[in-house]
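Worksheet: one structure, shown below.
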Amino acid sequence: MTRTTREDRPGVLARYQWRVPVRASRWSTPRAVVVVAIAALVLYLLAQGSYSLAILGSTVAIYAIVAQGLDFQYGTAGQLSVAQGGIWGMGAYLCIYVGDTLGLGFWVGALAGAAGGGLVAVLISLASGRVTGHYFVILTFAFASIANITFDNAIGFTGGPQGASVSFHPSLFGLPLDSQLAELGLSVVVFVVLAVVAYLLRSSSLGKRLFAAQQSEELAYSLGIRIRRDRMIAFLVAGVYAGVAGGLYALVLAYVTPTTFSVWAGINFVLMTMLGGVRVLLGPLIGAAFAVLFPYYANVHPPVDQVLYGVVLVVIVLLMPSGIGGGLVLAWRKVFPAGPRASVTASTGQPAGGEADGGGPPVGQERLADQIDTSPDRV
Amino acid sequence: MFALQLLVIALTLASIYALIAVGVTVVFGLTGLVNFAHADIMTIGAYVGVLIAASSGPLFLLSLLAAAAVTAVVGAALERGLFRWTLNRPINGFIISLGLIAIIENLLSWRFGVFARTASPPITTVWHAGRITIPAQYVVVFACSVAILACYEAFIHRTPWGRAIRAASENQTVAQLMGVRTRSLNTTVFAIGSAMAGLAGVFLETVTSVSPTVGSLFIVKAFAVAMVGGLGSSRGILVGAVGLALAESYIPGNLVPEQWSPVVSFVLIAVVLLAWPRGIFRGLSGSATT
């Protein structure tokens, strides 16, 4: 039974889409570090105002960490997963259990969360076997649901629907980290480190192999790339990130309930990643900031805010596949236009000539040099 | 015997699962779209039934027709307005369906409130066979579902339209070459699947309570059923539905604690995907190289 490939034709909406091909990053590592550090510093400074602002800021950083992991898994490895929410919750509960109930302290707890997250990711990866694409997402959806039910019912471990509160008193090199501000600082610093690591991974040979496998699995396989193993590593990374973020969350909020870690959390992270822009350096941060701040400032009563949320997700997917981050990249390129680049084969789905059936040139790409793009984009 | 009593409930549930799963699987077979909002369409149908509050036979028929009509329109509108634009990249369609879950469920809870609603079923006679109680409504639901599924089978396998659907599911380009209008077929299939889900919703609200969020629970079960049968095949659904319903009824409470019952469907999905990546009967997708 043959099946026509549906994946590669530009859609009818291409004409109306705000789409920016995000090229594989050419930046040097120090430049990336500086950009992330500046953005994080901005976040830190903005969140200084009050107790609740500091918590908001920490939440943004924490969400950004999870979204960063998902961005690596979805943007680079091409595997969409809604399991991040569940793994995040697992990281939080593990950190609480190891750090508080077993009394080993926050740092060990966070480590346990990270390790647990990674382990779960590897297990799911093993369980999914040859499954990719839709089936993989459904599997992660199933995992997220199981995780949520487990959090609700494993009362000895998680405290059940009542939630679990913590009493960490961690300190870093002798400095106590009890204040909201210190925890904000910690979250931001961890985010910077993990964002840079993600960037390094993306531009490493692992990242390139994963991206290649996203373009054409058969070709990558024929070149000897071990796709299953690489994708498992990508999932592992995403899981570790989510686990670490879970530990941080437990520290910052000092009280967690299972409702936070529902399947919706996983979907939220997908929204954040897409909103910020996949494969954009600051994409996860932008997406996380939007996801946290928009409901806070929009002041709409539930459940209407959730309706708005769903609408935003639909609009983003249909009309802004490159996300807000993509739009910022576009603006950046207008201010700092890149020089002519080596011409290579046209990217999949993007007619090199600019005009053609399927839609006009992508927004802002009038120069020929820009139209010949070396890296295909698949959001 | 208690086991037989569970069987009554299981069969009723199975018929509802099957109705929803058909919509899911036929849409996937045709367009490659995984529509996670399908069960929320069922919820819409259920609330139509709640509004009409059928207390007698003829009113029940009316609520069935109304629910089918409303959900068919909603499904067709969703296809033409939203999913049509994601045909080239079905994963986007999946993400959109996640957004749709948020939209539909929260619109419903805005209008109807968050709490579950029960409606008294139109037929309240209860039969007793030994120690088993069989509410007549359950039998009605089961019989109607079987009838609807039989009609659907006949439609798919014996009419020209059904042949067109099967052809387009196999190879869209060649079907188009043969004169099949796949675009309008997509809309039709969506409408039919949604109508069946709407009917399932009415059946559901007559036997149990519904709240705006039942969709999120049922969709995973529907997918479990569809995957056991092989996404894209409608014949395996009966097996899948009965299997899942039986597993759900007998395993929790006997093998695992009661609260873990939703886990059964999820674990079933995982097991099926692991052992038969292409579905037990016939399946699609998943890569040959990884």
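Computation of the quantities below employed the complete heavy-atom set of this structure, encompassing side-chain atoms and omitting hydrogens, waters and symmetry-equivalent molecules. In what follows, chains are A, B, ... by sequence order, proteins preceding strands, each numbered from 1.
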More than 12 heavy atoms from other groups under 6.0 Å of CZ on B/Arg80: no
Flag if over 12 foreign heavy atoms under 6.0 Å of CZ, B/Arg181: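 No, because the 6.0 Å sphere around CZ of B/Arg181 holds 12 heavy atoms or fewer from other groups.
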Please look at [X] and chain B and tell me whether the side chain, the backbone, both or neither of the residue comes under 4.5 angstrom of a heavy atom of that chain.
X        : result
A/Leu80  : side chain
A/Thr150 : both
A/Val82  : side chain

Listed once per pair and sorted, the salt bridge (Lys or Arg N to Asp or Glu O under 4.0 Å) pairs that draw on residues 262-277 of chain A, sequence neighbours left out: none
Smallest separation among heavy atoms of B/Ala102 and A/Gly310, with atom names: CB-CA, 4.1 Å
Best-contacting candidate, A/Val315, A/Leu308, A/Val311, against chain B by heavy atom pairs under 4.5 angstrom: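 Ranked by contacts with chain B, first place is A/Val311.
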Leading residue by heavy atom contact count with chain B [cutoff under 4.5 Å; candidates A/Val307, A/Val312, A/Leu271]: A/Val307
4.5 Å side-chain heavy-atom contact, A/Trp264 and B/Ile101: yes
Result of checking B/Ile91, B/Ile96, B/Leu82 against A/Val317 for side chain to side chain contact (heavy atoms under 4.5 Å, CB included): B/Ile96
Separation of A/Ile316 CD1 from B/Asn92 CG (nearest 0.5 Å): 12.0 Å
Set of ring pair (Phe, Tyr, Trp, His ring centres under 6.0 Å) partners for A/Phe72, sequence neighbours left out: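 So A/Phe72 forms no ring pair (Phe, Tyr, Trp, His ring centres under 6.0 Å) with any residue.
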Steps toward side chain to side chain contact (heavy atoms under 4.5 Å, CB included) verdict (A/Val137, B/Phe94): CA-CA 9 Å; A/Val137 196; B/Phe94 175 74; 3.0 Å; yes
B/Phe36 and A/Phe141 aromatic centres sub-6.0 Å: yes
Chain A contact via B/Leu217 - which portion, at a heavy-atom distance below 4.5 Å: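 Looking at B/Leu217, nothing touches chain A.
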Part of B/Ser97 lying under 4.5 Å from any heavy atom of chain A: neither
Verdict with reasoning, B/Thr86 to A/Leu318, per side chain to side chain contact (heavy atoms under 4.5 Å, CB included): CA-CA 8 Å; B/Thr86 62; A/Leu318 281 182; 4.0 Å; yes
